[in-house]
Amino acid sequence: MSLPLTVPFNLDVTLCCGQVFLWEPRDDWWFGVVGGKALRVRHCVDRLEFAGVGEEFVKHYFRLDDDLDGIAREVGKDEYMRTALSEFWGLRLVRQEPWECLASFICATFKSVAAIQQMLLKLSLRFGKQLTFEGQEFHAFPNAARLANSSLEELKACGLGYRAKYLLETSKMVAAGDFNPETLREMPYAEAKRILLGFPGVGRKVADCVLLFGFGKLEAFPVDVWMKRVLLSHYGSYFEAGVTKKLAEASGLSNSDYEKLNGFARSYFGCCAGYAQEYLYHYERCLRGTTNLKKQRGLNHKFKVNRHEAEQS
DNA sequence: TACTGGCCTAGGTA
DNA sequence: ATACCTAGGCCAG
């Protein structure tokens, strides 16, 4: 199936920018599993081609209904931000499934993207429902009930380390009904955040990721080490000198410091601060990180090798 | 309320 | 190869 693209959209950047972990580039297509269904999608000049799902799903998942031009006008407050926007123009946030998003970002703390991919892949292979799509095997991300019935040892075997305890506990709470996505979706940002902070393994950063990617709270602005660098080096003048100096020297980020950076960004960029975050984050990683788009696409081969290894174990 | 270590581990790098 | 080093933090004290 095919969908004419009448709005700005860059599929590759959208799937490479670190908001999702389990999409796999293969044979010129992106393969993924969403909502228990496997699908493939690719970007061809002026249209999207896809299989496994319908047009409405694609539009919804990739947020093609967001007015990206309007958002860019809203968050493009300064030259630096406008550069990031133009550099990766067409990057869109994705409407992830809340549970998968919550579980993913609990696992993601203090880990590199490559390691996160491996952890989540192993969880899916071991606990996820097996699917067949066009003759190929895929695995859905495991639901909370399944993980709640696993053991600490099993989760650690997937490489989770100290996160295993958090994921197991949170899975149990979610399976017991403590996590109602519909309710959280209706709540305002601050209220939903308070609920999320009640799950073990969920601090401010993880909560903001889940609010942004899982619940579409576009005012959420996750601050990780990369965003901290961006905010200090390009927006340092908005903070007291003492704060800037202290943050630059410290490796971590205390809760109160998180609130300072997060609070500034949300008031500065406004109601779509989350979009600003994703563009700045990706820009920073491509500029200063060891990661760049070319490399990420080059992950393909390695990803396949690791998938094979994971299946052996 | 705010700060400080400790924590599991795998990928990446020199 | 083989050691490091760091990675999209969180939590208990």
Side-chain angles (χ1 to χ4, degrees), chain A residues 15-22 91 93-94 96 101-123 151-170 173 193 196-214 220-232 242-243 246-247 249-263 265 274 276-292 295-296 298-299 301-303 305-307 309-310 313:
Chain A
L15 293 179
C16 278
C17 70
Q19 59 177 322
V20 287
F21 301 106
L22 290 178
L91 185 167
L93 294 171
V94 159
Q96 296 184 38
C101 189
L102 174 61
S104 297
F105 283 94
I106 285 176
C107 293
T109 70
F110 214 45
K111 275 288 184 189
S112 64
V113 171
I116 298 164
Q117 285 176 337
Q118 293 308 317
M119 282 190 288
L120 299 179
L121 191 56
K122 284 176 184 167
L123 284 176
S151 67
L152 215 50
E153 291 68 33
E154 285 179 293
L155 294 183
K156 283 188 175 173
C158 295
L160 268 66
Y162 65 83
R163 303 160 196 80
K165 182 171 47 135
Y166 300 146
L167 184 60
L168 186 58
E169 286 307 305
T170 293
M173 289 169 68
K193 188 168 184 175
L196 287 171
L197 289 172
F199 291 100
V202 179
R204 284 160 172 74
K205 191 270 176 180
V206 172
D208 274 326
C209 286
V210 177
L211 289 166
L212 181 59
F213 306 132
F221 192 98
V223 179
D224 57 22
V225 292
W226 297 94
M227 287 314 302
K228 177 181 151 185
R229 285 172 205 151
V230 172
L231 292 171
L232 290 182
V243 174
K246 192 186 96 186
L247 288 177
E249 286 165 358
S251 56
L253 204 57
S254 71
N255 282 342
S256 60
D257 292 336
Y258 187 98
E259 292 303 321
K260 283 195 186 80
L261 297 181
N262 172 266
Q277 192 272 359
E278 210 53 23
Y279 274 88
L280 288 174
Y281 171 76
H282 192 54
Y283 188 43
E284 180 71 6
R285 281 180 54 103
C286 287
L287 277 184
R288 292 166 62 167
T290 53
T291 312
N292 59 40
K295 264 193 172 177
Q296 287 188 25
L299 262 179
H301 172 67
K302 191 168 183 183
F303 200 77
V305 170
N306 287 339
R307 170 175 284 247
E309 284 169 357
S313 62

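Residue numbering restarts at 1 for every chain, and letters A, B, ... go by the order of the sequence lines.
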What pairs with [X] under side-chain hydrogen bond (donor to acceptor under 3.5 Å, both in side chains), at least two apart in sequence or on another chain?
X	answer
A:Tyr281	A:Arg285
A:Lys260	none
A:Glu259	A:Arg204
A:Tyr258	A:Asp208

Have a look at [X] and say if it touches a base, only the backbone sugar-phosphate, or nothing, with a 4.0 Å heavy-atom cut-off.
X	result
A:Gln19	base
A:Lys165	nothing
A:Phe213	base

Taking atom C1' of B:dA10 as reference, at what distance in whole Å does atom CZ of A:Phe110 sit?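 After rounding, the reported distance stands at 13 Å.
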
Please report the distance, rounded to the nearest Å, between OH in A:Tyr258 and C1' in B:dC3. 18 Å

Which residues pass the ring pair (Phe, Tyr, Trp, His ring centres under 6.0 Å) test with A:Tyr283, sequence neighbours left out? A:Tyr80

Among all residues two or more places apart in sequence or in another chain, which pass the ring pair (Phe, Tyr, Trp, His ring centres under 6.0 Å) test with A:Phe105?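 Scan of A:Phe105 (ring pair (Phe, Tyr, Trp, His ring centres under 6.0 Å), adjacent residues dropped) gives A:Phe21, A:Phe213.
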
Please convert DNA chain C into dot-bracket. A pair counts if it is Watson-Crick or G-U wobble with both distances under 3.5 Å; crossing pairs go in [ ] and bases paired with another strand get |. .||||||.|||||

Taking the same atom, P, in B:dC8 and in C:dG13, what whole-Å distance lies between them? 14 Å

Excluding sequence neighbours, so at least two apart, what forms salt bridge (charged side-chain N to carboxylate O under 4.0 Å, His left out) with A:Lys228?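 Listed in chain order: nothing, the list is empty.
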
Where is the tightest heavy-atom contact between A:Gln96 and A:Val20, given as atom of each residue plus distance? NE2-CG1, 3.4 Å

Who pairs with A:Ala207 by side-chain contact (heavy atoms from CB on, under 4.5 Å), at least two apart in sequence or on another chain?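 Only A:Lys193, A:Leu196, A:Leu197, A:Val202 meet the side-chain contact (heavy atoms from CB on, under 4.5 Å) criterion with A:Ala207.
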
Sequence neighbours excluded, every pair satisfying salt bridge (charged side-chain N to carboxylate O under 4.0 Å, His left out) that has a member inside residues 152-167 of chain A: none

Using the side chain to side chain contact (heavy atoms under 4.5 Å, CB included) rule, take A:Phe221 and A:Leu231 through it: C-alpha gap first, then chi angles, then the decisive distance, then the call. CA-CA 12 Å; A:Phe221 192 98; A:Leu231 292 171; 4.3 Å; yes

So does A:Ser256 get a side-chain nitrogen or oxygen closer than 4.0 Å to the phosphate oxygens (OP1/OP2) of B:dC3? yes

Among residues 202-212 of chain A, which ones have heavy-atom contacts with DNA chain C below 4.0 Å?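 Residues of residues 202-212 of chain A under 4.0 Å from DNA chain C: A:Val202, A:Gly203, A:Arg204, A:Lys205, A:Val206, A:Cys209.
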
Strand contacts (DNA chain C) in residues 153-163 of chain A, 4.0 angstrom heavy-atom criterion: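 Residues of residues 153-163 of chain A that come under 4.0 Å of DNA chain C are, in numerical order, A:Tyr162.
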
